[in-house]
Each structure stands twice: as C-alpha cells, then as structure tokens.
Amino acid sequence: MTQSKRAMPERITVEMRAEDLPDSIKARLKSDLIPGMPYRVTVEPVDDLEAKREALLRDLQEGIDDIEAGRVIDSDIVFDELLAKYRDAD
C-alpha cells in the first residue's frame, strides 16, 4: 500500500461566550443559550470517509493488479519458511 499517513491535527477545546458561538453551533443546541454564559467548544478533525473509501478502492485495485500480473506469493511456502527459520533459532 502506497498511501502515506498524514498526522491528524490536534484536538483543542476553547471557552466562548454564548453570543460568540458560530450560528452553526447555536442551531444544533437543544436548549436556549444563556447570554454571557461561557460554553466549551471542542474542535477536532473529522475523518473524511469518502477519502478513506477512495484510498481503500485504490489499495484493492493495486492488489487485484498484482494478482492479475502474477505478483503473488504462496502463503503456505512463506509460513513454512518462517517456521523453519524460527524453529531453528531456538
């Protein structure tokens, strides 16, 4: 798999007065906001499911391409070789 992992930005929590909250947050709150009251807001990155799906499809296609091109190994042979190698190492 050739996809590189990027470090996710950190999660932060800040306090904001009710009137300073973004409208998108105010709209999601079930109760009325108390003017002047501080509220904690946590901001963190959201996993991009579509990007993950696309990466998974690319990885799957890469595997299919390897199989079709004959770039495969016999797992029984690999496990037998590993067992022989580490059995002798004791």
Side-chain angles (χ1 to χ4, degrees):
M1 292 180 208
T2 57
Q3 182 179 347
S4 63
K5 292 187 177 187
R6 292 184 300 175
M8 294 293 282
E10 68 182 67
R11 172 182 171 168
I12 61 168
T13 299
V14 296
E15 288 189 8
M16 301 177 75
R17 292 183 325 206
E19 53 273 14
D20 295 330
L21 291 170
D23 290 337
S24 60
I25 292 176
K26 291 177 189 177
R28 295 187 63 120
L29 295 173
K30 295 178 181 171
S31 61
D32 292 331
L33 296 172
I34 301 169
M37 173 75 74
Y39 290 83
R40 281 194 190 101
V41 178
T42 299
V43 179
E44 62 185 306
V46 176
D47 287 336
D48 185 347
L49 294 179
E50 184 60 29
K52 285 184 175 184
R53 180 184 171 278
E54 290 173 6
L56 176 59
L57 290 174
R58 278 192 309 271
D59 290 345
L60 287 170
Q61 188 60 54
E62 183 180 313
I64 291 168
D65 293 345
D66 284 344
I67 291 168
E68 289 175 350
R71 294 185 297 263
V72 294
I73 56 174
D74 185 327
S75 60
D76 290 334
I77 293 172
V78 172
F79 288 124
D80 288 344
E81 289 175 358
L82 288 170
L83 285 171
K85 177 180 179 180
Y86 290 104
R87 189 177 306 129
D88 295 339
D90 289 336

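Hydrophobic clustering, with ILVMFWY side chains joined whenever heavy atoms are under 4.5 angstrom apart, keeps I64 apart from L56. Tracing side-chain contacts under 4.5 Å through hydrophobic residues (I, L, V, M, F, W, Y), one never reaches I67 starting from L60; they form parts of separate clusters. Hydrophobic clustering (ILVMFWY, side-chain heavy atoms < 4.5 Å, transitive): L57 and L49 are in distinct clusters. Residues L33 and V14 share a single hydrophobic cluster, defined by chaining ILVMFWY side chains whose heavy atoms lie under 4.5 Å apart.
The CD1 atom of I25 sits 11.0 Å away from atom CG of D20, with the distance rounded to the nearest 0.5 Å. Taking CZ of R28 as the reference point, atom CG of D23 lies at 14.0 Å (rounded to 0.5 Å). Atom CZ of R58 and atom CZ of R53 lie 11.0 Å apart (nearest 0.5 Å). Between the CD atom of E44 and the CD1 atom of I12 there is a distance of 10.5 Å, given to the nearest 0.5 Å.
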>> Using side chain to side chain contact (heavy atoms under 4.5 Å, CB included), reason through V41 and L21 one step at a time and then give a plain yes or no.
In response: CA-CA 9 Å; V41 178; L21 291 170; 3.4 Å; yes
>> Working note: I77 + E81, criterion side chain to side chain contact (heavy atoms under 4.5 Å, CB included); need CA distance, chi angles, decisive distance, verdict.
In response: CA-CA 6 Å; I77 293 172; E81 289 175 358; 3.5 Å; yes
>> What verdict does the side chain to side chain contact (heavy atoms under 4.5 Å, CB included) test give for Y39 and I34, after you've listed the backbone C-alpha separation in whole Å, the side-chain angles of each residue and the deciding distance to 0.1 Å?
In response: CA-CA 10 Å; Y39 290 83; I34 301 169; 4.0 Å; yes
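Heavy atoms of other residues, nucleotides or ligands lying less than 6.0 angstrom from CZ of R71 number more than 12. Counting non-hydrogen atoms of other residues, nucleotides and ligands closer than 6.0 Å to CG of D48 gives a total above 12.
Of all heavy-atom pairs between G36 and R17, the closest is O-CG, 4.2 Å. Of all non-hydrogen atoms in M16 and P22, the two that sit nearest each other are CE-CD, 4.3 Å. The heavy-atom pair separating E10 from P45 by the smallest distance is O-CD, 4.2 Å.
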